[in-house]
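Since the structure comes first, as structure tokens, the remarks are kept for the end.
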Amino acid sequence: MEDIGHIFVSCLRAREVWRRLGILPGMEICTYPWLVGTSLSLPSSTHMDVVLLILWHIWKVRNAAIFDKHAMSRVDVLRRTSQDMDFWRCRYKRYAEEWDVWREYIAGCI
């Protein structure tokens, strides 16, 4: 069954994205996304924004597979997340260093 837990946690593509990032999420990702990835020693000031961006791209890749019959990989999810972080960087002037640390981490996981 394709419920929120399947889409963001248990489907193969989502599991591969999280594994590549060094994160082992459980079903808490669906209700407590701010807990995801806290074990990584990365800046907390932009943590939630980055996690939501990753979830957004997992969702978009899933929709592309279902509606457009376009299969994308975990690398596509991470690459698109990294690209969006570049686009949104101007909105994080106050937290630019923290944003860049996260972006470099994600880019390094590709």
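In this text, all values refer to a predicted model and were calculated from it rather than measured experimentally.
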Under the side chain to side chain donor-acceptor pair (under 3.5 Å) rule, what do D49 and Y95 come out as? Steps first, then yes or no, please. CA-CA 11 Å; D49 297 40; Y95 300 106; over 6 Å; no

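- Residue I7 comes nearest to A14 through the heavy atom pair O-CB, 3.5 Å, listed as atom of the first residue, atom of the second, then distance.
- Atom CD1 of I54 and atom CG of L21 lie 5.0 Å apart (nearest 0.5 Å).
- Counting only distance, with no hydrogens or angles, the side chain of R20 and the backbone of I110 share a donor-acceptor pair below 3.5 Å.
- Between the T81 side chain and the V77 main chain, a donor and an acceptor come within less than 3.5 Å of each other.
- Residue M85 comes nearest to W102 through the heavy atom pair CE-CB, 3.8 Å, listed as atom of the first residue, atom of the second, then distance.
- The number of heavy atoms from other shown groups lying within 6.0 Å of CD (Q83) is above 12.
- Under a hydrophobic clustering in which Ile, Leu, Val, Met, Phe, Trp and Tyr are joined whenever their side-chain heavy atoms come within less than 4.5 Å, directly or via other members, I23 and V75 fall into the same cluster.
- V9 places none of its side-chain heavy atoms less than 4.5 Å from the side chain of R15.
- At most 12 heavy atoms of other shown residues, nucleotides or ligands fall within 6.0 angstrom of atom CZ in R80.
- Distance CG/D76 to CZ/R13: 9.0 Å, rounded to 0.5 Å.
- Note: L53 CG to M48 CE = 12.0 Å, rounded to the nearest 0.5 Å.
- Counting heavy atoms from C-beta on, the side chains of H47 and V51 come closer than 4.5 Å.
- W18 and F8 get closest at one heavy-atom pair: NE1-O, 2.8 Å.
- At a threshold of 4.5 Å between non-hydrogen side-chain atoms, the residues R103 and I106 do not count as touching.
- Between the side chain of R74 and the backbone N or O of E16, no donor-acceptor pair lies under 3.5 Å.
- Note: S82 OG to E104 CD = 7.5 Å, rounded to the nearest 0.5 Å.
- When the side chains of ILVMFWY residues are joined at heavy-atom separations under 4.5 Å, either directly or via intervening members, I58 and L24 end up in two distinct hydrophobic clusters.
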